[in-house]
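Below, chains carry the letters A, B, ... as their sequence lines are ordered, and counting in each starts from 1.
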2 protein chains.
Amino acid sequence: MNPADRSASRTVAAAAARPVEKIRVLIADDHVTVREGLAAMIGRQADMAVVGEAATGRQAVELWFSLRPDIVLLDLRMPELDGVGAIGEIRQRDAAARIIVLTTFDTDSDIANAIRAGARGYLLKDSQREELLDSIRRVHAGETSISPSLVAKLAAGISSETLTGRELDVLILLAHGKSNKEIGANLYISETTVKSHLRNIFAKLDVLSRTEAITVACRRGLVTL
Amino acid sequence: MNPADRSASRTVAAAAARPVEKIRVLIADDHVTVREGLAAMIGRQADMAVVGEAATGRQAVELWFSLRPDIVLLDLRMPELDGVGAIGEIRQRDAAARIIVLTTFDTDSDIANAIRAGARGYLLKDSQREELLDSIRRVHAGETSISPSLVAKLAAGISSETLTGRELDVLILLAHGKSNKEIGANLYISETTVKSHLRNIFAKLDVLSRTEAITVACRRGLVTL
DNA sequence: GTGCGACTCTCCCAAATGGGAGAGTGCCGA
DNA sequence: TCGGCACTCTCCCATTTGGGAGAGTCGCAC
C-alpha cells in the first residue's frame, strides 16, 4: 500500500464502480452504540469498509497488527489501555500508522497528548457525518486532520508551562479538596513545602488562589474530579 | 435511509413471522454517530422500528407529537432544549409518554432531575446492547428500567439536602475560583452574606472547605466547570 | 396573620492561605 | 564537573477563610 496505489485507487473510486481498493477502517471504542454508529456510516461509503471493532485499547493494538487496517478510529477513554497508550504502542512498532482520535473530550492535555503520541487526526464525537468521513479520507491520503476549533486549544496547551511531577501530585490532592496540611501528610512532606509547590503551581497556571487552580486544572484536563 | 425504506422493511419483517405491532422508537441525540448506532441496533430487531431521529430537544418534542412513537430515547445534553426540559414538555401534554434517558452523565442531579421530570428509564451510554434493547421492551411494557448501579446514586442524591437558589449562585461562582469578595461583588451582596451562604452550603454538602465544596458540587452535577 | 424559610446583614476571632526572600540537597545532562 | 532543575525546607507577615451567635426584612403558605 504505497502512495501510488492510494492515489490510483482514489481515481478509480472517483471514476465509478470497478474493483476498488477500499479504505480499511478499524474502530476502537468502548461504547457499543458508537461502534455501531461508525460502522453503519462507514459501511455505507463506497470507498471504505470496516474491517474490525475493538472495545478496549489492548484489543485495538492487537487488531491493528492482526488485521493491518489503513486507519484506526480511536476513542481516548477506554478500559485496559487508554487511547494515548494504544497510540504509543501502535506507533512504536508501526511508525507510519494512521490514527484518528475520535472522542468527546477536548481538554488541552487530551489533545496535546494524543498528537504527541502520534495521532494524525483528532475529531470530537459531535462532529458531523461528512466531517468525519472527510477526515478518514484525508488522513488515509497522508494528510492530517484536526478540527480548527481544536487547533487553538492545542496551541494554548503547548504554550502553557508544564507542571513537574511533584506539582501535579500536589495539584491532584488540592483538587480533591485537601488542605495544605493534609496534602503534606499525604505526600510525606511538610506543609511549608506544599505551600512552595502551590506558589509555583499558581504561577504556572496563572491563577491567584487554590479554587481558581482547581478550575483551570480541570479545564486543561490536568486532573479529574 | 428514507421513510419508505423503513416501512418497506417493516412489512417484510412482519411477513416473516406474523403481523406484529413493532415498538415505534424515536431517537433524540445531538451526536450523529450515536443516532446511527442506535438506529442500526434497533433496526435489526424484529419487534422494533426507528420512526424518527431528533438532534435537539426541541425537535424531539415536535417529533414526539407529530410521529406519536411508543418510546423516545433521549440524551440529556442537547442544544436548544436540554433533555430534562424536553421530558417536561412532553410529559406536560402527554402524561403517559414513555421516555428513556440515554446519556453519558451519571451525576446525582442528572439522574434525579430526569426521574423527577418523568423518565421511565435511565441508561448510561456504555450500556451493553442487550441491556439497552431490554430496557426499551420493558419500558414499552409499562415497567421502569434503571441501571442498578444508578439506583444507589439516585438514593444518595435524594437524601442529600437541596441548595436554595441563592446558595447555588454562590456555589457556581465559588466553583469558578472567585473569592468571597468577588462573589459578593458579582451578586451585589456583602462579603459577610457570602460567608453566611457558604456556611450553609458547607453544612448541606457536608464539607469543611471551599475546595471540598467544589469537588462535591462537581460530583453531584450541581456545577459544571 | 402567623410562622417559616430564604436572604440579607453585623461583630468577633481562630485558623488557613498566599506570597516574599532565601537556602540546602540530590540528580541529570552538557 | 558544573550548572540547572526539581524538591525540600525555614521565617515572616498580610489577607482570606471558616465558623459562632445573632438579628432584621421579605414573601409565601397555611
Hey, which of these two, B:Thr211 or B:Val194, hits DNA chain C nearer its 5' end, going by closest nucleotide? B:Val194
Would one find a side-chain N or O of A:Thr192 under 4.0 angstrom from OP1 or OP2 of D:dC9? no
Nearest whole Å is fine: how far is D:dA6 P from A:Leu171 CG? 16 Å
For the student: nearest non-hydrogen atoms of A:Pro69 and A:Leu26, plus distance: CG-CB, 3.7 Å
Classify the side chain of B:Ser196 and the base of C:dC9 as holding, or not holding, a donor-acceptor pair under 3.5 Å. yes
According to a strict under-4.0 Å criterion, is B:His197 in side-chain N/O contact with OP1 or OP2 of C:dT8? yes
Residue closer to the 5' end of DNA chain C, B:Ser209 versus B:Tyr188 (nearest nucleotide): B:Tyr188
Hey, is the side chain of B:Thr193 poking within less than 4.0 Å of OP1 or OP2 on C:dC9, counting only N and O atoms? yes
If you check every side-chain atom of B:Arg166, which of C:dG18, D:dT17, C:dT8 has the closest atom? C:dT8
Quick check on D:dC9: is either OP1 or OP2 less than 4.0 Å from any side-chain nitrogen or oxygen of A:Ser190? yes
Expressed as a whole number of angstroms, how long is the span from A:Leu187:CG to D:dA6:P? 17 Å
Can you tell me how far C1' of C:dA15 sits from CZ of A:Arg210, to the nearest Å? 13 Å
Between D:dG18 atom C1' and B:Lys181 atom NZ, what is the distance in whole Å? 16 Å
Rounding to an integer number of Å, can you tell me how far B:Leu208 CG sits from D:dG20 P? 11 Å
Residue A:Lys195, side-chain atoms from C-beta onward, closest of D:dC7, C:dT17, D:dC9: C:dT17
Would one find a side-chain N or O of A:Asn180 under 4.0 angstrom from OP1 or OP2 of C:dA16? no
Taking all atoms of both residues into account, what is the closest heavy-atom pair of B:Asp94 and B:Trp64, and its distance? OD2-NE1, 3.0 Å
Counting only side-chain nitrogens and oxygens, does A:Arg199 get under 4.0 Å of the OP1 or OP2 atom of C:dG20? no
So, applying side chain to side chain donor-acceptor pair (under 3.5 Å) with B:Asp29, which one of B:Arg35, B:Arg77, B:Lys125 is it? B:Lys125
Could you state the atom-to-atom distance from CD of B:Glu212 to P of C:dT17 in whole Å? 11 Å
Within 6.0 Å of CD in B:Gln92, more than 12 heavy atoms from elsewhere: no
Distance, rounded to the nearest Å, where A:Glu191 contributes CD and D:dC7 contributes C1': 17 Å
Test side chain to side chain contact (heavy atoms under 4.5 Å, CB included) applied to B:Ile71 and B:Arg98, B:Arg24, B:Met48, the passing residue: B:Arg98
Rounded to whole Å, the CG-P distance (A:Asn200 to C:dG19) equals 12 Å
